[in-house]
Amino acid sequence: MNHMSILDSKFFEGDVHIIAESLLGKIFVRKLNGNILSGKIVEVEVYDGLTDEASHAFNGKTKRNEVMFKQGGLLYVYFTYGMHFCANVVTGNVDDPKAVLLRGIEPLKGIELMSINRYGKKSFTQKEFINLTNGPAKLCKAFGIERFENGMDLTGETIFILDSPKLSKSEIITSTRIGVNKSINLPWRYYIKNNPFVSKK
DNA sequence: CCACGGATTGGCT
DNA sequence: GCCAATCCGTGGA
């Protein structure tokens with residue numbers, strides 16, 4: 001895979017943990033109304049429907065989670081707490097419901113539009129800058145990801161991920177996942193050390 | 001059919 | 001640190 005090329009379907013077929021760690025440092029891109037929104041992925045979590053009680057797919061396929069059961073390389077977006085959307089990268093093959101939750105992104109392009117999406121205004125304080133995308137629901141709001149984006153093809157023209165050099169082990173922190181009440185001891189959260197857009201230490 | 005609670009966030013104490 | 005907001009998927013009766 002060449003530097004700064006778009007990740008293709010091959011990338012999303014492999015082991016979900018390898019993919020999760022590999023996604024750190026890569027550039028998530030979304031075209032929205034003729035604008036480019038992009039940012040560096042800095043925090044992710046693995047959800048594995050086959051062995052993981054915290055996964056939406058653990059109890060089998062439903063209308064809500066059906067995208068997780070499809071071929072890797074799609075975006076799985078879910079609605080939660082009556083007001084928030086969160087986005088996952090689906091990995092693996094059909095009926096192998098694994099996904100990587102995007103929890104933190106460092107904004108690169110289209111930052112004014114992200115601010116409009118988040119706060120309804122173009123300008124922002126330093127604190128608001130960090131707050132644009134340092135959480136799974138925050139980054140969806142900033143990137144304009146909602147119900148319509150569920151199931152979108154990540155190897156298409158609208159939403160895709162640009163490759164970047166693999167990070168060294170010393171740059172990556174592994175920890176337990178945030179906000180789950182089941183399988184709480186699985187160390188399936190990965191984030192970039194010292195990056196301010198990581199949701200929690 | 002109904003009750004529960006969620007892969008969160010932001011505001012208030 | 002605590003808790004309300006606000007919808008709807010899910011599971012049990």
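If you're wondering where the values come from, they're calculated on a predicted model, not measured in any experiment.
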Outermost contacting nts on DNA chain B, any atom under 4.0 Å from chain A heavy atoms, listed 5' then 3', are B:dG6 to B:dG10

* With distance as the sole test, does A:Y119 use its side chain to make a donor-acceptor pair with the main-chain N or O of A:E128 at under 3.5 Å? -> yes

*asked:* If you define the side chain from C-beta out and look only at heavy atoms, does anything of A:F160 sit under 4.5 Å from A:L154?
replied: no

In terms of heavy-atom contacts, A:S164 and A:G25 come closest through OG-O, 2.9 Å

Hits for salt bridge (Lys or Arg N to Asp or Glu O under 4.0 Å) against A:K138, two or more places apart or cross-chain, chain-then-number order -> none

Sequence neighbours excluded, the answer for salt bridge (Lys or Arg N to Asp or Glu O under 4.0 Å) partners of A:K122 is none

Worksheet item: Relative to the ring of A:F197, is the ring of A:F129 parallel (under 30°), tilted (30 to 60°) or perpendicular (over 60°)?
Response: perpendicular

- Distance between the P atoms of B:dC2 and C:dT6, in whole angstroms? 23 Å

So, A:N65 side chain and A:G60 main chain: donor-acceptor pair closer than 3.5 Å or not? yes

With sequence neighbours left out, the residues meeting salt bridge (Lys or Arg N to Asp or Glu O under 4.0 Å) with A:K127 are none

With a 4.0 Å cut-off (strictly under) to non-hydrogen atoms of chain A, the first and last hit nts on DNA chain C, 5' to 3', are C:dA5 to C:dG11

Under 3.5 Å donor-acceptor, A:T158 side chain and A:K31 backbone: no

Under a 3.5 Å distance rule, please check whether A:R147 uses its side chain to pair with a backbone N or O of A:F79 as donor and acceptor.
no

For A:A57 and A:F69 the tightest heavy-atom approach is CB-CE1, 3.7 Å

Please answer whether the main-chain N or O of A:L50 pairs with a side-chain N or O of A:D48 as donor and acceptor at a distance below 3.5 Å. yes

Between A:R177 and A:V46 (side chain of the first, backbone of the second, donor and acceptor by atom type, cut-off under 3.5 Å), is there such a pair?
yes

Numerically ordered, the residues 118-142 of chain A set in heavy-atom contact under 4.0 Å with DNA chain C is none

Expected list for residues 185-201 of chain A near DNA chain B, using heavy atoms below 4.0 Å, is none

Per the under-4.0 Å heavy-atom filter, residues of residues 37-67 of chain A near DNA chain B come out as A:Y47, A:A54, A:H56

When A:R189, A:K26, A:K169 are each screened for salt bridge (charged side-chain N to carboxylate O under 4.0 Å, His left out) with A:E21, the one that passes is A:K169

ask   = For atom P, what is the distance between B:dG5 and C:dC3, given to the nearest Å?
value = 16 Å

A:E53 meets the salt bridge (Lys or Arg N to Asp or Glu O under 4.0 Å) criterion, sequence neighbours left out, with none

Taken to the nearest 0.5 Å, the spacing of A:K141 NZ from A:T133 OG1 works out to 14.0 Å

The complete set of side chain to side chain donor-acceptor pair (under 3.5 Å) pairs with one or both residues in residues 99-110 of chain A, sequence neighbours excluded, reads A:E43-A:R103, A:R103-A:S199, A:E106-A:N195

Rounded to the nearest 0.5 Å, the CG atom of A:L108 sits from the CG atom of A:L37 at a distance of 11.0 Å

Its dot-bracket string being built from Watson-Crick and G-U pairs below 3.5 Å, with | for another strand and [ ] for crossing, DNA chain C has the pattern |||||.||||||.

Between A:D15 and A:I18 (side chain of the first, backbone of the second, donor and acceptor by atom type, cut-off under 3.5 Å), is there such a pair? yes

*asked:* With a 3.5 Å distance limit and no angle check, can you tell me whether A:E45 reaches the backbone of A:I178 through a side-chain donor-acceptor pair?
replied: yes

Sorted by number, residues from residues 78-96 of chain A placing a heavy atom under 4.0 Å from DNA chain C are A:F79, A:Y81, A:G82, A:M83

